[in-house]
> 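Here it is, the structure in full.
So you know, we letter chains A, B, ... as the sequences are listed, proteins then strands, and number each from 1. Just so it is clear, the values below take in all heavy atoms, side chains as well, and ignore hydrogens, waters and symmetry mates.
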Amino acid sequence: MKGLIAIFLAAILTENYVLCKFLGICPFLGVSKKLGTAFGMSVSVTLVMVMATAATWPIYTYILVPKNMEYLQTLVFILVIAALVQLVEIILKKLIPPLYNALGIYLPLITTNCAVLGVTMLVIEKGQADASFGYVQSLVNAFGAGIGFLVAMVMFAGVRERIEHCDVPESLKGLPITLVAASLVSLSFMGFTGVVENLLA
Amino acid sequence: MAEKSLAKEFTKGIIKENPVLCLVLGTCPTLAVTTGAKNAIGMGVAATLVLICSNMVISLLRNIIPSKVRIPAYITIIAGFVSIVQMLVKAYTPEIDKALGIYLPLIVVNCIILGRAEMYASKNKVIPSMVDGLGMGVGFTAALLMMGMIREFLGTGCLFGFPITKGLLPPIIIFILPPGGFFVFGMLMALANRINKGKSAAREPGCGSCPMVATCSKIQNGEGCDAQ
């Protein structure tokens, strides 16, 4: 249990996918203008991350590895994610229309979100390095990564709303000042280095 | 005449429509692998190879792929080439494979490649598509190399692994850490803005730069995710 909490907290704070691993930067910069959209996008990403990991981990471990076809990882994973996203969209549309209306816009975009493909591959990599990192640990890691994405997005949306009202030099207007702000937010996350290990030691 | 326009296809990717600094595509690898000039070149070359090959095949198949399933078809083609490049890199330059790590297979979801497939290769003939891929790839590599050199020089005092400052200037380690990546990228983009004087300023990576822009029903209804 302690191990799982450590994995979860590490995925949010020290291994934050957006600010420390540079995965999912496009939505981070593109969809963080408003708090509402930032939140909707992050919830969809978290959902897809957990489901994608739930689907790809068994496929890799029980189909690709026994058949010595690890080299197909990239191809299989992206197709599974694309199919999964489509499936989720159809199911949500049919069964839970309010949720579809809230999250539906973001779902097609998530197929090409590198954070989702990234998390499915990174948990496999971690499992190879450490045999005790199994299915449950992978799912917890994926969930933590999603929450980490949410924390970064929501925090940054707040920062951006403040920037809107600032007097910014001509050349820095728009994206450049956003990146400088992202740099500062990322700097603050560097402060978490070592926190998780010491917290649960 | 034909040669002239081919040259134009090539140079537009490097300067006017530089995928990183002007179109703001492929930001993830731009920030992640530019801790050193060597990694930047490795990433740039790998992405260029994939870009040329996928543009070629997609352009060849542009009349065969039904438009409804074209995005999955493109992703499959791109993923195939990424797997090939991944194996080549693993076999011939294992140290670059180690340095790039997860970002090498992630070329699959690099928006530059899917974006060019959707915006260019699916509408143009084979040769111009390949030239477009080459131009975009070189532009991508150039931007990565510039970032990589700046970050490596300021962060470690080296260039391509060779010590330059030799302790005269203390290295500013923050530049090879994540915050430095965001900062250098922002500054480069500001510089590009300044040079272009707003003529082709970097635009916000909202729905406009999204590779799914053509298929997204929400955008057509004016409810895209960057709608104000």
> Would you mind checking which part of A:Val76 comes under 4.5 Å of any heavy atom in chain B, side chain (CB onward), backbone (N, CA, C, O), both or neither?
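For A:Val76, neither part sits under 4.5 Å from chain B.
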> Can you tell me if A:Leu35 has over 12 outside heavy atoms packed within less than 6.0 Å of its CG?
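Yes, the 6.0 Å shell around CG holds more than 12 heavy atoms from other groups.
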> How long is the span from the CD atom in B:Gln86 to the CG atom in A:Leu75, to the nearest 0.5 Å?
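The CD atom of B:Gln86 sits 10.5 Å away from the CG atom of A:Leu75.
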> Closest approach of A:Leu179 and B:Phe185, non-hydrogen atoms and distance?
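The answer is CD1-CD2, 3.6 Å.
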> So for B:Leu188, is it side chain, backbone, both, or neither that comes closer than 4.5 Å to the heavy atoms of chain A?
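Interface part for B:Leu188: neither.
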> What part of A:Met121 is in contact with chain B, defined as an atom under 4.5 angstrom from a non-hydrogen atom: side chain, backbone, both or neither?
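For A:Met121, heavy atoms of backbone and side chain both lie under 4.5 Å from chain B.
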> Rounded to the nearest 0.5 Å, what separates atom OH in B:Tyr103 from atom SG in A:Cys114?
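Nearest 0.5 Å value for the OH-SG distance: 8.0 Å.
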> Considering only heavy atoms, which portion of B:Leu191 lies under 4.5 Å from any heavy atom of chain A: side chain, backbone, both, or neither?
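B:Leu191 has no heavy atom closer than 4.5 Å to chain A.
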> Flag the pair A:Tyr71 / B:Ser83 as yes when at least one side-chain heavy-atom distance between them is below 4.5 Å, and no otherwise.
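The answer is no, as the side chains (C-beta and beyond) never meet within the 4.5 Å cut-off.
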> My understanding is that only one of A:Leu187, A:Val180, A:Leu19 makes a side-chain contact (heavy atoms from CB on, under 4.5 Å) with B:Phe182; could you say which?
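The residue from A:Leu187, A:Val180, A:Leu19 that satisfies side-chain contact (heavy atoms from CB on, under 4.5 Å) with B:Phe182 turns out to be A:Leu19.
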> Under 4.5 Å from any heavy atom of chain B, what part of A:Ile177 do you find: side chain, backbone, both or neither?
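It is neither, since no heavy atom gets under 4.5 Å.
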> Do you know the tightest heavy-atom contact between B:Pro105 and A:Leu117?
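Taking every non-hydrogen atom into account, O-CD2, 4.5 Å.
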> Quick one: of A:Ala182, A:Gly118, A:Ser183, who has the most non-hydrogen atom pairs under 4.5 Å with chain B?
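Answer, by heavy-atom pair count under 4.5 Å with chain B: A:Ser183.
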> Using a cut-off of under 4.5 Å for heavy-atom pairs, which of B:Thr76, B:Thr30, B:Val82, B:Val184 has the most such pairs with chain A?
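Heavy-atom pair counts peak at B:Thr76.
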> Can you tell me how far the CD1 atom of B:Ile78 sits from the CD1 atom of A:Ile78, to the nearest 0.5 Å?
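B:Ile78 CD1 to A:Ile78 CD1: 9.0 Å, rounded to 0.5 Å.
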> Look up atom OG1 in A:Thr74 and atom CZ in B:Phe81, then write down how far apart they are to the nearest 0.5 Å.
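It is 14.5 Å, given to the nearest 0.5 Å.
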> Report the distance from atom SG of B:Cys28 to atom CZ of A:Phe28, rounding to the nearest 0.5 Å.
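Reported to 0.5 Å precision, the distance equals 11.0 Å.
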> Does atom CZ of A:Phe39 have more than 12 heavy-atom neighbours from other groups under 6.0 Å away?
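No, because the 6.0 Å sphere around CZ of A:Phe39 holds 12 heavy atoms or fewer from other groups.
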> Count the heavy-atom pairs under 4.5 Å between each of A:Lys21, A:Glu170, A:Met41 and chain B, then report the option with the highest count.
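Highest number of heavy-atom pairs under 4.5 Å: A:Lys21.
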> Using non-hydrogen atoms and a 4.5 Å limit, figure out which bit of A:Ala82 sits close to chain B: side chain, backbone, both or neither.
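A:Ala82 has no heavy atom closer than 4.5 Å to chain B.
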> Heavy-atom distance under 4.5 Å to chain B: side chain of A:Leu79, backbone, both or neither?
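For A:Leu79, side-chain heavy atoms alone lie under 4.5 Å from chain B.
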> Using 0.5 Å steps for rounding, measure from the CD1 atom of B:Ile102 to the CD atom of A:Glu125.
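Here the interatomic distance stands at 5.5 Å.
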> Can you check whether anything in residues 39-61 of chain B gets within less than 4.5 Å of chain A, heavy-atom wise, and list it by number?
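Those residues of residues 39-61 of chain B which would need a heavy atom under 4.5 Å from chain A do not exist here.
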> Answer yes or no: does atom NZ of A:Lys126 have more than 12 heavy-atom neighbours from other residues, nucleotides or ligands under 6.0 Å?
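Atom NZ in A:Lys126 is crowded, with more than 12 foreign heavy atoms closer than 6.0 Å.
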> With a 4.5 Å limit on heavy-atom distance, are the side chains of B:Met187 and A:Leu172 in contact?
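Yes, side chains in contact.
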